[in-house]
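Chain A is the first sequence line, chain B the second, and so forth, proteins listed ahead of strands; every chain is numbered from 1. As the structure is a computational prediction, the values presented were derived from the model and not from experiment.
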Amino acid sequence: KAGVTQTPRYLIKTRGQQVTLSCSPISGHRSVSWYQQTPGQGLQFLFEYFSETQRNKGNFPGRFSGRQFSNSRSEMNVSTLELGDSALYLCASSLETEDTQYFGPGTRLTVL
Amino acid sequence: GQNIDQPTEMTATEGAIVQINCTYQTSGFNGLFWYQQHAGEAPTFLSYNVLDGLEEKGRFSSFLSRSKGYSYLLLKELQMKDSASYLCAVKLHQAGTALIFGKGTTLSVSS
């Protein structure tokens with residue numbers, strides 16, 4: 001079974017731009033969560049989607065948003081990029097009734 | 001607020017045993033996870049504890065005490081490939097899979 005895939009793997013943007021990241025979960029997984037990983041803060045929860053609905057949300061500004069499609073694929077969007085948004089963005093998927101999350105390889109975002 | 005503490009770094013030698021501790025103070029608790037993350041790679045699942053006690057899985061074991069807000073990951077017969085970051089994470093809510101992570105413990109295994 002294929003794992004979680006994320007595209008693109010690397011991205012360079014400038015301040016003020018917006019970016020969209022994509023995540024395809026493991027086949028059959030209906031829950032998708034997004035995390036931001038930085039050296040200083042570690043892994044921080046952004047939001048979780050289940051059946052196209054946001055189920056939980058972390059403590060991030062409204063510039064960070066996401067959505068989930070009927071095939072469980074998910075996208076996250078960051079608008080008005082700031083230097084501090086430079087990070088590894090990880091997506092994780094899990095089965096509806098199983099707690100274990102499986103992570104994708106991440107998208108490395110650099111904001112210049 | 002949510003607080004999960006782990007040591008920042010640990011070192012050990014091949015063949016040894018190492019214990020990585022994790023203490024947590026969170027607004028909710030529905031289980032504790034351990035993940036391993038090699039540099040430049042995605043975190044991979046190691047263990048999940050929801051009840052008090054020890055869970056053993058090969059060379060890795062994980063322990064949980066809910067009353068003390070404490071967990072540890074025990075790695076036996078260390079190998080060079082065990083050099084990685086080990087992440088402790090708490091599942092806050094019963095519904096949903098959102099995790100709150102500690103900042104991770106970087107383990108270096110030398111020969």
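For B/L92, no part lies under 4.5 angstrom from a heavy atom of chain A. Only the side chain of A/Q37 comes within less than 4.5 Å of a heavy atom of chain B; its backbone N, CA, C and O stay farther away. Only the side chain of A/Y35 comes within contact range of chain B, judged by heavy atoms closer than 4.5 Å. For A/L90, the part sitting under 4.5 Å from any heavy atom of chain B is the side chain, from C-beta outward, and nothing else.
Within the 4.5 Å cutoff, the side chain of A/T100 has heavy atoms near those of the B/F33 side chain.
At a cut-off of 3.5 Å, with distance as the only test, no side-chain donor of B/E55 or B/N49 sits close to an acceptor on the other residue. When only modelled atom types and interatomic distance are considered, A/T38 and A/Q41 share no side-chain donor-acceptor pair under 3.5 Å.
With hydrogens and angles ignored, the 3.5 Å screen pairs a side-chain donor or acceptor of B/S83 with a backbone N or O of B/V109.
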